[in-house]
Number of protein chains: 2
Amino acid sequence: MAVTLKDIARECGVSYSTVSKALKDSPLVTQATKRKIKEKAEEMNYIPNNSARSLVSNKSHTIGLIWPAVDRVAVTTLATQVNEALKQAGYFMAVSIDNPITAASKFLELRFDGVIVFDEGESTTLPEKITKNIPVIAYGVARKLPYPIINVHHNWAMKQAVDLLIEKGYQSIDYIGELHTKDIRQIVKKKTIEDYCREKQVTYRLIDSGGLTEMAAKQAVKEFLKTETLHDGIICGSYDITMGVLHHMDDLELEKTIVAYDNIKQFKSIETPVYSVGVSAEQIAESLVKHLTKNIEAGRKNASEVIDLFPTLQYHDKK
Amino acid sequence: MAVTLKDIARECGVSYSTVSKALKDSPLVTQATKRKIKEKAEEMNYIPNNSARSLVSNKSHTIGLIWPAVDRVAVTTLATQVNEALKQAGYFMAVSIDNPITAASKFLELRFDGVIVFDEGESTTLPEKITKNIPVIAYGVARKLPYPIINVHHNWAMKQAVDLLIEKGYQSIDYIGELHTKDIRQIVKKKTIEDYCREKQVTYRLIDSGGLTEMAAKQAVKEFLKTETLHDGIICGSYDITMGVLHHMDDLELEKTIVAYDNIKQFKSIETPVYSVGVSAEQIAESLVKHLTKNIEAGRKNASEVIDLFPTLQYHDKK
DNA sequence: ATTCAAAATAACAACGTTGTTATTTTGGGT
DNA sequence: ACCCAAAATAACAACGTTGTTATTTTGAAT
């Protein structure tokens with residue numbers, strides 16, 4: 001059905017190997033015939049057959065992204081950035097929202113060049129049977145895996161936040177974040193606050209935002225304020241939580257300092273001045289793609305490795 | 001590098017064509033050898049090469065989903081349902097969040113069996129150059145395209161809502177939804193309310209929710225209530241808007257009737273009794289997959305066609 | 001005009017499958 | 001023991017490419 005090299009060859013009165021060379025601009029073909037062939041190919045709407053190419057070259061120029069929890073809004077931006085970074089590196093990104101083993105197996109059958117996993121913990125671990133056969137890189141929270149994982153150092157981020165508040169002279173800190181969750185990122189943040197504040201001998205309180213949405217945080221803070229009052233040094237677990245908290249702040253309360261975890265451009269448009277610590281989606285994407293493509297090109301086997309990404313502290317003030 | 005049929009054949013001392021047949025349970029191979037071959041294949045961790053298969057069979061058993069606006073949370077559930085429905089039908093779903101033309105072109109090169117497009121209007125139209133070569137189906141709002149599109153009949157849904165309120169005896173209706181937007185779904189809903197209320201000689205007001213989120217709606221209604229009061233017959237543009245509106249309702253206000261657009265399971269857990277009109281993601285997914293696979297199997301050319309899905313009205317009362 | 005190297009093009013094998021055709025093996029009937 | 005059909009297996013062509021090798025064409029030097 002589809003147009004092949006042979007069809008073009010017949011039309012142009014040349015051999016199909018010449019067409020193959022012409023279309024990839026080989027110096028072995030004369031300019032004149034190249035032009036003729038390219039024109040004909042365009043005219044006939046030739047679409048290269050990746051299966052055939054892949055069969056001989058062992059390359060598909062396609063990377064599979066395993067993203068079983070599409071609904072996690074937080075990583076949507078990351079997915080977009082990864083797509084861009086991969087395109088830049090000459091790869092096409094195909095996403096599967098299926099369960100990780102099914103997805104990876106199919107990627108293997110399709111002979112994709114590599115796999116990126118949005119790691120959600122145990123349930124997303126890929127078996128060695130698979131990872132022995134294709135370069136893999138994960139994005140998640142540091143843990144031992146038979147392939148590399150990119151880890152945003154939440155621990156370090158929270159320490160930065162605490163240090164900043166201490167430096168500013170606050171002796172009591174309020175952490176507002178999701179406390180009851182299985183999401184390991186949230187657990188790490190909470191745990192770090194506890195441990196580090198104790199270490200630095202700063203008093204702290206953990207306030208449950210009851211979720212990661214603006215609505216939930218707003219509601220939670222409202223309840224909290226009924227009986228108590230917030231300290232002046234505040235750490236928020238995420239951008240959305242920050243927004244929820246800000247609903248209860250008057251412009252007057254300028255003596256308060258808010259440090260939020262995250263690194264997204266939305267901070268730029270907040271009216272109230274805030275600090276943020278986090279790694280941007282762009283940096284994460286770049287790191288993922290860099291490491292993966294490096295391994296693909298080197299034909300190197302997957303190896304256990306945790307690659308830490310260190311958050312940067314920023315101050316946002318619209319004035 | 002990877003294990004091939006020939007490797008297995010060598011190990012088993014048979015020809016590779018026998019291995020091929022054995023692995024697909026052909027009756028042409030004796031039970032004993034089949035077992036031996038299958039065991040060996042398992043042991044050697046054989047992974048079929050889809051490129052080779054696709055080359056000879058012209059089938060990849062893979063469908064591409066073009067989903068350029070991943071962040072649109074509303075369709076996330078739909079994507080999950082489509083994935084399930086496709087799996088049921090024997091296909092693997094690969095998503096691209098790239099721009100539609102790039103995505104479709106690559107799907108074509110990869111020789112996928114079909115394409116589903118989450119249609120967002122003009123910007124997502126695929127050119128005939130592409131659609132002549134692969135079965136396509138879109139999901140979006142009714143419009144003329146060179147391939148079929150599944151349309152949820154928002155128009156009909158809103159009429160149902162208005163009719164219900166009229167039947168209940170209300171003479172004035174408030175519609176709370178996104179009024180200033182380019183999202184054609186929202187525009188259709190608003191327009192229908194206007195036209196149909198006028199036709200039925202019912203007075204109505206359009207209240208701008210200022211967005212599709214719960215927060216926005218809550219805020220908007222709060223503003224509105226400062227100067228005016230809501231009528232007893234209320235139509236909400238979506239589930240989230242409904243949630244925003246409900247924040248301002250006391251359990252006392254039982255004489256009010258709310259009809260919300262949408263069809264998602266979350267309605268089941270709302271405390272206040274509400275009506276909903278909408279088509280469930282499951283139904284949409286089923287319809288998309290049914291039409292697409294039908295066309296794939298029939299080897300039929302894409303044709304311009306609008307397939308309407310009619311919303312169902314439901315009453316939700318936790319008691 | 002003839003020769004010969006260089007340039008251009010053609011031919012071919014290979015990639016890993018599938019499905020068809022050809023060959024070998026098996027064992028029941030004599 | 002021998003023949004023959006049926007059953008089992010092997011061989012092979014084809015799918016659409018790429019890269020290597022073989023052949024033809026070109027045109028400059030004689």
Side-chain angles (χ1 to χ4, degrees), chain A residues 1-38 40-41 44-62 106-113 133-134 299, chain B residues 1-38 40-41 44-62 106-113 133-134 299:
Chain A
M1 190 68 246
V3 177
T4 73
L5 292 183
K6 291 187 185 171
D7 298 324
I8 302 173
R10 197 176 328 107
E11 288 288 314
C12 294
V14 298
S15 79
Y16 64 90
S17 56
T18 302
V19 178
S20 170
K21 288 172 188 58
L23 290 181
K24 52 171 43 86
D25 245 330
S26 160
L28 297 176
V29 181
T30 214
Q31 284 301 330
T33 43
K34 260 194 225 175
R35 191 153 9 87
K36 187 179 62 177
I37 291 174
K38 283 180 180 176
K40 206 73 192 173
M44 297 175 75
N45 189 25
Y46 168 70
I47 296 153
N49 185 326
N50 214 294
S51 298
R53 282 188 170 171
S54 163
L55 197 54
V56 18
S57 68
N58 257 311
K59 292 223 156 328
S60 63
H61 300 286
T62 306
K106 204 69 209 285
F107 288 164
L108 225 44
E109 290 185 14
L110 289 165
R111 292 299 188 271
F112 283 179
D113 295 336
N133 290 287
I134 188 170
Chain B
M1 187 70 247
V3 177
T4 72
L5 290 184
K6 289 186 186 171
D7 299 324
I8 302 173
R10 197 176 327 106
E11 288 288 313
C12 292
V14 297
S15 79
Y16 65 91
S17 57
T18 302
V19 178
S20 169
K21 288 171 188 58
L23 291 182
K24 51 171 43 85
D25 245 331
S26 158
L28 296 176
V29 182
T30 216
Q31 285 300 330
T33 42
K34 259 194 227 177
R35 191 153 9 86
K36 187 179 62 179
I37 291 174
K38 282 181 180 175
K40 205 74 190 174
M44 298 176 75
N45 189 25
Y46 168 70
I47 296 152
N49 185 324
N50 214 295
S51 298
R53 282 187 170 172
S54 162
L55 197 54
V56 18
S57 68
N58 256 310
K59 293 225 156 322
S60 63
H61 300 285
T62 306
K106 203 69 208 287
F107 287 164
L108 225 44
E109 290 185 14
L110 289 165
R111 292 297 189 272
F112 283 179
D113 295 336
N133 289 288
I134 188 170

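Reminder, nothing fancy here: chain letters follow the sequence lines and each chain counts from 1.
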Is there side-chain contact between [X] and [Y], with heavy atoms separated by less than 4.5 Å?
{"X": "B:Y46", "Y": "B:V19", "answer": "no"}
{"X": "A:V14", "Y": "A:V29", "answer": "no"}
{"X": "A:K106", "Y": "B:T62", "answer": "yes"}

Have A:S15 and A:T18 got a donor and an acceptor in their side chains that come within less than 3.5 Å?
yes
> For A:T33, which contact category applies under a 4.0 Å heavy-atom criterion: base, sugar-phosphate, or nothing?
Replying inline: sugar-phosphate
Classify A:S17 by what it touches in the nucleic acid, base, sugar-phosphate, or nothing, heavy-atom distance under 4.0 Å.
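Here A:S17 touches the bases of the nucleic acid.
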Counting primed atoms, P, OP1 and OP2 as sugar-phosphate and everything else as base, the B/S/- map of nucleotides 21-28 of chain D against protein heavy atoms under 4.0 Å is --------
Output for pair (A:S57 OG, A:N50 CG), nearest 0.5 Å, gives 8.0 Å
To the nearest angstrom, the CD1-P distance between B:I8 and C:dT18 comes to 11 Å
Nucleotide N/O of nucleotides 15-17 of chain C paired with protein N/O under 3.5 Å:
residue: C:dG16; atom: N2; partner: B:A52; partner atom: O; Å: 3.4
residue: C:dT17; atom: OP1; partner: B:Y46; partner atom: OH; Å: 2.8
residue: C:dT17; atom: OP2; partner: B:L5; partner atom: N; Å: 3.0
residue: C:dT17; atom: O5'; partner: B:Y46; partner atom: OH; Å: 3.2

Please confirm whether the backbone N or O of [Y] pairs with a side-chain atom of [X], one donor and one acceptor, at under 3.5 Å?
{"X": "A:K34", "Y": "A:S26", "result": "yes"}
{"X": "A:T4", "Y": "A:K6", "result": "yes"}
{"X": "B:S51", "Y": "A:L55", "result": "no"}

Report yes if a side-chain nitrogen or oxygen of [X] is closer than 4.0 Å to either non-bridging phosphate oxygen (OP1 or OP2) of [N]; otherwise report no.
{"X": "B:T18", "N": "D:dT9", "value": "no"}
{"X": "A:S57", "N": "D:dT18", "value": "no"}
{"X": "A:T30", "N": "C:dA8", "value": "yes"}

